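On a predicted model such as this, the values are computed, not experimentally measured, just so you know.
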Amino acid sequence: MKNFLITLLLIAILSFIAQHFIEWWSIAAVAFIVSFLFKQKAWAAFIAGFLAIFILWAVYAAMLSSVNNNILANKVADLFQISDNSKVIILYTITGVIGGLVGGFSA
């Protein structure tokens with residue numbers, strides 16, 4: 001459990017830092033390196049990588065979108081024909097899942 005939390009936090013923090021200096025795909029390298037250094041079972045490494053990047057990307061997308069009152073997020077949701085009342089939250093979830101899958105598979 002301790003390795004899982006350390007892995008989760010390290011992947012999230014180092015990915016946040018790496019994305020500011022390298023391209024978006026740096027999350028895969030960070031998740032791979034951290035999971036390699038902290039040995040875990042396959043499912044635990046996948047879940048740690050997935051959760052770390054899912055939370056990072058969903059929260060970061062929400063923070064960036066809230067600056068302009070979700071104008072762009074609403075337009076993108078309309079483009080994908082998401083007609084639910086919580087279409088912005090669905091868009092954040094989709095963003096998190098895409099990033100989470102990259103982080104999870106690379107971990």
Can you confirm whether K2 is buried at NZ, in the sense that more than 12 heavy atoms of other residues, nucleotides or ligands lie under 6.0 Å from that atom? no
What's the shortest heavy-atom distance between I17 and F21, and which atoms? O-CD1, 3.2 Å
Taking atom CD1 of I89 as the centre, report whether more than 12 heavy atoms of other residues, nucleotides or ligands fall under 6.0 Å from it. no
Side chains of Q40 and T7, donor plus acceptor under 3.5 Å: yes
Between V102 and W24, is a side chain to side chain contact (heavy atoms under 4.5 Å, CB included) present by the stated rule, with each step listed? CA-CA 10 Å; V102 172; W24 70 269; 4.2 Å; yes
If you round to the nearest 0.5 Å, how far is CG of L14 from CG of L56? 11.0 Å
What is the minimum heavy-atom distance between G49 and A107, and which atoms define it? CA-CB, 4.1 Å
Please tell me if the side chains of D78 and K87 come closer than 4.5 Å, counting only heavy atoms from C-beta onward. yes
Atom CD1 in I22, atom CD1 in I27: separation rounded to 0.5 Å? 12.0 Å
Counting C-beta onward and ignoring hydrogens, is there a side-chain heavy-atom pair between Q19 and W57 closer than 4.5 Å? yes
V30 reachable from L9 in the ILVMFWY side-chain graph, under 4.5 Å edges: no
When you compare the side chain of V76 with that of L91, does any pair of heavy atoms fall below 4.5 Å? yes
Going only through I, L, V, M, F, W and Y residues with side-chain contacts under 4.5 Å, is there a path from W25 to I33? yes
Show your working on side chain to side chain contact (heavy atoms under 4.5 Å, CB included) between S65 and Y92 and close with a plain yes or no. CA-CA 10 Å; S65 183; Y92 298 154; 3.1 Å; yes
I'd like to check S15 versus I53 (side-chain heavy atoms, cut-off strictly below 4.5 Å). Are they in contact? yes
Residues S35, I11; criterion side chain to side chain contact (heavy atoms under 4.5 Å, CB included); working and verdict: CA-CA 8 Å; S35 295; I11 290 173; 4.1 Å; yes
For F32, check ring-ring contact (aromatic ring centres under 6.0 Å, His included) against everything at least two apart and list the hits. none
For L10 and F38, what are the C-alpha separation, side-chain angles and deciding distance, and is it a side chain to side chain contact (heavy atoms under 4.5 Å, CB included)? CA-CA 10 Å; L10 274 177; F38 293 94; 3.3 Å; yes
Kindly give the cluster partners of M63, where membership spreads through any ILVMFWY side chain lying under 4.5 Å from a current member. F4, L5, L8, W43, F46, I47, F50, L51, F54, I55, V59, V97, L101, F105
Quick one about Y60 and T95 (side-chain donor to acceptor, distance below 3.5 Å, no hydrogens or angles considered), yes or no? no
